[in-house]
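Beneath this line is the structure, given in structure tokens, with notes to follow.
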Protein chains: 2
Amino acid sequence: MSGRGKRVTLQTIADRVGVSRATVSYAFSRPDQLSEKLRAEILKVAGELGYAGPDATARSLRLRRAGALGLLFTETLNYAFGDPYSIGLLQGMAAAVEDAGVGLLILPLLTGDGHAETVRGAVVDGFCVYSLPDGHPALEEVLRRGLPAVAVDEPYLPGYPLIGIDEMAAAGDAARHVLGLGHRRLGVIITGLYHQARTGWADVERQERGPFQARRTRIAGYRAAAEGAGIDWAGVPVYEVVRNTRESGREAAHELLRREPRPTAVLTVTDRLALGVLDAAADLGLRVPEDLSVVGFSDSEAAQGGLTTIRQPKEEIGKTAGRLLLSGRPLPEERLVMPYELVVRASTGPAGG
Amino acid sequence: MSGRGKRVTLQTIADRVGVSRATVSYAFSRPDQLSEKLRAEILKVAGELGYAGPDATARSLRLRRAGALGLLFTETLNYAFGDPYSIGLLQGMAAAVEDAGVGLLILPLLTGDGHAETVRGAVVDGFCVYSLPDGHPALEEVLRRGLPAVAVDEPYLPGYPLIGIDEMAAAGDAARHVLGLGHRRLGVIITGLYHQARTGWADVERQERGPFQARRTRIAGYRAAAEGAGIDWAGVPVYEVVRNTRESGREAAHELLRREPRPTAVLTVTDRLALGVLDAAADLGLRVPEDLSVVGFSDSEAAQGGLTTIRQPKEEIGKTAGRLLLSGRPLPEERLVMPYELVVRASTGPAGG
DNA sequence: TTGTATGCGTTATCAA
DNA sequence: TTGATAACGCATACAA
């Protein structure tokens, strides 16, 4: 029908109908600006010509709005979509974009140098960056774009809002909970502290130097609480794993629980790792919480294992980020601290059981 | 610094440096096309002026490429992101877009008439529609755009590829599995047959009329297998629930298991529902599989409950969809049938236990 | 109610 | 190596 030839545009239709381009534009975008009859005629011809409708990109250019929010993940999307916390965030942002009738553009951020292109080419009205390490090259590009931008969890970008919980206080509460139960021999399992993670014991310096602010702070919260209880942090074994998986948690826990004296409480930075600790306890015939207390973080999958954990309002965080970006109002320039909650379940109990 | 005044564009920089717009464009997009010195000068001035970089939308318009794939969900995103099968699909598509260095634009499709606008405004190079009911208004809009498009699972769009498993055969295999174990008193739990779902018994006519092709076919597959074994389908109780949740499955199962004679095998259309059936069995003190066999569909969460189910290669399906759209080659115009697998676990056993 | 003219910001072509 | 010009396809102020 219309396969060959030039592309069908407003002009094509205008020529055919014998009206101006503007009139055809009105027929599609401002129906009330022209007579019903002419409009019908125009739409009919457009149909015959196989017109695809006003071009989305051209329209965006003219209207100066993209109709989408960009979301930057540092992880591969495959991983991100497998992580309950990320999913919760996504659900929250989704709710916000749904309400506003715009789309959500997910931007993968992987290897070396594609970053710049990815960020530069994104047709969006604003960016949300999620869990990026300090100094990640994509950050620079995002800021350069000059669009509204918010960060979730990390990193803090001077002059831009950062949405998340008070990691320091939350981790502190979690640690003080087990300390309050009388535990003195702690073990810690961490991940995601470095972009290029490792498996093995992490000394204090390594704990303090990682580029992921939130993770760093979380660990610092554990440490501060422990030291507040008179525990020498240098003596607390901290095991680092590469992947945030249940299996990694299990393996790490085996390392931790093989030590003498054996820790009586294990703190982790995610629920998945904590579930793995439960697995290890089962492997070793240790009772939870009589022989071992376990604490997670995020309350994403925690209920399954009866885990004590910190509940983060992930959907709320995502929704807030989305709304902020879509509000059209000037963005706050500081942290937006969201509430968290220490949820005590059956995985923690008094020491010396 | 540069807050007021006109927007900074290539021209602004060109004027300031005293070169042409094209040269400035080269400085950003084709570094090898101009002298290192001039380029440095241009970038320096751009920095001073706070230039945001080549505008993504203008660039898209000019280059005729959006750098993104659109994904249309019928459900609210909040639901979609909570569904393991959808997530798997998303992961697959994500892998494809990652490889190609483009983004994934998630398009919410909700209430009444926003559909057209959402689809029309999407700045994308192609569309993937997922699980849309026959005749959904968004479909028309997608086709009108004239971009590459593929459907996943449903619906079939004449002239476009449809990616999914052979639902009829898969459901048939699942049903024949329990029939082969000697079961004759079947019960079925379905959902997602209609956009406006209901809770209650669904007669044959209702089963056949729903607008969701894949679901319809899945049930038809059960039916064909049952009839092939000499069972009168009109006598098989089919219970429909609104939401695909474990709790709904449990409630439906209670309805089903209260019947006399009690079904000895329950077929469902999702794993979540099937897990709910296990819950109901536990409520009633029924042993699985001795007293009751249960079959799921999708193998998303099935392993948790030791469910017998159909495994769908969801990541593979998503990846295939993405790659097809990004290949630049003409799309196949028919079904792309992906392999499935009947996974037999502990939830099914011989009848008459 | 309809048409004219212009600009949105970029890149490709071609000539210098 | 750089510049002038012409698209890309649309929407809007303004004039008719």
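Predicted model, so just to flag it, every value in this text is computed and none were measured. So that the names make sense, note that chain A is the first sequence line, chain B the second, and so on, each numbered from 1.
- In this pair, Phe73(B) and Tyr130(B) present their aromatic rings perpendicular. The plane angle is above 60°, beyond the 30 to 60° band.
- A salt bridge links Lys44(A) with Glu48(A): the closest approach of a Lys/Arg side-chain nitrogen to an acidic carboxylate oxygen falls below 4.0 angstrom.
- The nucleotide whose nearest atom lies closest to any side-chain atom of Arg59(B) is, among dC8(D), dT11(C), dC8(C), dT11(C).
- Both Asp32(B) and Thr9(A) lie near DNA chain D, and the one whose nearest nucleotide falls closer to the 5' end is Asp32(B).
- Ile42(B) has its CD1 atom 11 Å from the C1' atom of dT1(D), to the nearest Å.
- When only modelled atom types and interatomic distance are considered, Ser60(B) and Thr57(B) share no side-chain donor-acceptor pair under 3.5 Å.
- Residue Arg62(B) places no side-chain atom within donor-acceptor reach of the base of dA12(C), judged by atom type and a 3.5 Å distance cut-off alone.
- The separation between Arg30(B) atom CZ and dT13(C) atom P is 9 Å, rounded to whole Å.
- Listed nucleotides: dG7(C), dT2(D), dG9(C). Nearest to the side chain of Arg21(A): dG7(C).
- Considering only heavy atoms from C-beta on, Leu107(B) stays 4.5 Å or farther from Val119(B) through its side chain.
- Using a 4.5 Å cut-off on side-chain heavy atoms (C-beta onward), Asp55(B) and Thr9(B) make no contact.
- Minimum atom distance to the side chain of Asp55(B) is reached by dT10(C), of the listed dC10(D), dT10(C), dA12(C).
- For the pair Arg65(B) CZ and dA12(C) C1', the interatomic distance rounds to 17 Å; values are reported in whole Å.
- Per the geometry, CZ belonging to Arg39(A) stands 16 Å off C1' belonging to dT2(C), to the nearest Å.
- The CD1 atom of Ile13(A) sits 11 Å away from the P atom of dA11(D) (whole-angstrom rounding).
- Heavy-atom distances to DNA chain D give each of Gln33(B) and Ala58(B) a nearest nucleotide, and the one nearer the 5′ end belongs to Gln33(B).
- Rounded to whole Å, the distance from CD on Gln11(B) to C1' on dG7(C) is 13 Å.
- Among the protein residues, Ser29(A) comes within range of the sugar-phosphate backbone only, with heavy atoms under 4.0 Å from sugar or phosphate atoms but none that close to a base.
- Considering only the side chain of Leu10(B), dT11(C) comes nearest among dT11(C), dG9(D), dG3(C).
- Comparing dA4(D), dT11(C), dC10(D) by their nearest atom to the side chain of Ala22(B) picks out dA4(D).
- Taking every side-chain heavy atom of Ser25(A) into account, dA11(D) is the closest of dC8(C), dA12(C), dA11(D).
- One can place CZ of Arg64(A) at 13 Å from P of dT12(D), the figure rounded to the nearest angstrom.
- Looking at which nucleotide of DNA chain C each of Tyr51(B) and Tyr26(B) is closest to, the 5′-most match is held by Tyr51(B).
- Closest heavy-atom contact between Cys128(B) and Ala321(B): SG-CB, 4.2 Å.
- You'll find the ring centres of Phe28(B) and Tyr51(B) inside the 6.0 Å limit.
- Considering only the side chain of Ser35(B), dT2(D) comes nearest among dC10(D), dG3(C), dT2(D).
- The side chain of Thr23(B) places an N or O atom within less than 4.0 Å of a non-bridging phosphate oxygen (OP1 or OP2) of dG3(D).
- Taking five base pairs at each end of the helix from dT1(C)-dA16(D) to dA16(C)-dT1(D) and finding the rotation axis that steps the C1' atoms of four pairs onto the next four gives two axes whose angle is 30°, to the nearest 10°.
- Taking the side chain as every heavy atom from C-beta outward, Leu157(B) and Pro155(B) approach each other to under 4.5 Å.
- Atom-to-atom, CG of Leu61(A) to C1' of dC8(D) comes out at 9 Å; the value is rounded to the nearest Å.
- Distance from the side chain of Arg7(A) is smallest for dG9(D) among the nucleotides dG9(D), dT2(C), dT4(C).
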